[in-house]
Every structure is written in structure tokens, then in C-alpha cells.
Amino acid sequence: KLKSKKLVIYSYSLSNNLLKEVLLKMGLKFILTNEIKKANLIIGLKKHLKQNFKLKNLAKEKNIPIYTLVQVSLYQVTKLVQFISS
């Protein structure tokens with residue numbers, strides 16, 4: 001369902017290059033944004049997101065889902081993106 005829809009992703013404490021690499025390999029249409037309000041999903045490291053109440057509250061207000069990773073690796077990011085796009 002997401003193959004045709006363009007994802008607007010805000011990455012938090014995660015390398016944009018790593019995210020780009022995975023998304024391009026999977027053939028998904030996406031935009032990486034620096035503005036949380038423009039995003040339609042947030043991907044970040046769990047230990048960093050846990051401490052950022054401002055970001056979590058803003059995401060809740062705007063109805064933006066937050067997806068977390070326990071560690072940053074190509075495998076973890078690929079698995080998460082597969083889960084999101086299925």
C-alpha cells in the first residue's frame with residue numbers, strides 16, 4: 001500500500017544516508033524532512049526517543065506514528081522499513 005504513496009520521514013538520531021540507502025534499495029518513494037510537522041512518520045533510536053517528551057507530544061498531537069530501533073544497523077533499518085511498507 002505504501003509503494004504508491006510518498007513517505008515523508010523525519011529521522012531522529014539516525015543517519016539520513018543509512019535510511020536513504022535502505023529506502024532506495026526497496027524502491028520506495030520518500031522525502032527525508034527536517035521538519036517534524038511535515039512528516040507522516042518518525043523513525044529514531046529508542047534510547048534517544050525515550051528522553052524526548054517534546055517530540056513524542058508533538059507526534060501525538062499531529063497523529064504521526066513513531067517507529068523505533070534498538071540499534072542502528074542496515075539489517076535493523078531494512079526490517080523496520082519492510083514492516084512499515086507491508
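Keep in mind that what you see is a predicted model, and the values were worked out from it rather than measured. Heads up: numbering here begins at 1 and tracks the sequence.
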Next on the checklist: Please determine whether residues L74 and I84 belong to a single hydrophobic cluster, defined as Ile, Leu, Val, Met, Phe, Trp and Tyr linked transitively by side-chain heavy-atom distances below 4.5 Å.
Outcome noted: yes
Checklist outcome for this item: Taken to the nearest 0.5 Å, the spacing of L23 CG from K29 NZ works out to 13.5 Å
Next on the checklist: Contact between L24 and F30 at the side-chain level, heavy atoms closer than 4.5 Å - yes or no?
Outcome noted: yes
Next on the checklist: Once rounded to the nearest 0.5 Å, what's the spacing between atom OG of S13 and atom CD of Q51?
Outcome noted: 9.5 Å
Next on the checklist: Please determine whether residues I43 and Y75 belong to a single hydrophobic cluster, defined as Ile, Leu, Val, Met, Phe, Trp and Tyr linked transitively by side-chain heavy-atom distances below 4.5 Å.
Outcome noted: no
Next on the checklist: When you measure from the side chain of N40 to the backbone of V8, do you find a donor-acceptor pair of N or O atoms at a distance under 3.5 Å?
Outcome noted: yes
Next on the checklist: Tell me whether Y12 shares a hydrophobic cluster with L41, the cluster being built from Ile, Leu, Val, Met, Phe, Trp, Tyr side chains joined at under 4.5 Å.
Outcome noted: no
Item to check | Y10: which of L55, I64, L32 passes side-chain contact (heavy atoms from CB on, under 4.5 Å) | outcome: L55
Next on the checklist: Nearest 0.5 Å, please: how far is OG1 in T68 from CG in L14?
Outcome noted: 11.0 Å
Checklist entry - Counting heavy atoms not belonging to K62, are there more than 12 under 6.0 Å from its NZ? => result no
Item to check | Q76 versus L69, closest heavy-atom pair with distance | outcome: O-CD2, 3.6 Å
Checklist entry - Does some side-chain heavy atom of S85 sit less than 4.5 Å from a side-chain heavy atom of L28? => result yes
Item to check | Common cluster, I42/L45, ILVMFWY with side-chain heavy-atom separation under 4.5 Å | outcome: no
Checklist entry - Which pair of heavy atoms, one from T78 and one from M26, lies closest together, and at what distance? => result O-SD, 4.3 Å
Checklist entry - I9 versus T33: any side-chain heavy-atom pair under 4.5 Å? => result no
Checklist outcome for this item: So NZ of K37 and CD of E61: to nearest 0.5 Å the spacing works out to 9.0 Å
Checklist entry - Does L18 share a hydrophobic cluster with V70, counting links as ILVMFWY side-chain heavy atoms below 4.5 Å and allowing steps through other members? => result no
Item to check | Pairwise distance OG(S11) to NZ(K20) - rounded to 0.5 angstrom | outcome: 10.0 Å
Next on the checklist: Nearest 0.5 Å, please: how far is CG in L49 from CD1 in I66?
Outcome noted: 6.0 Å
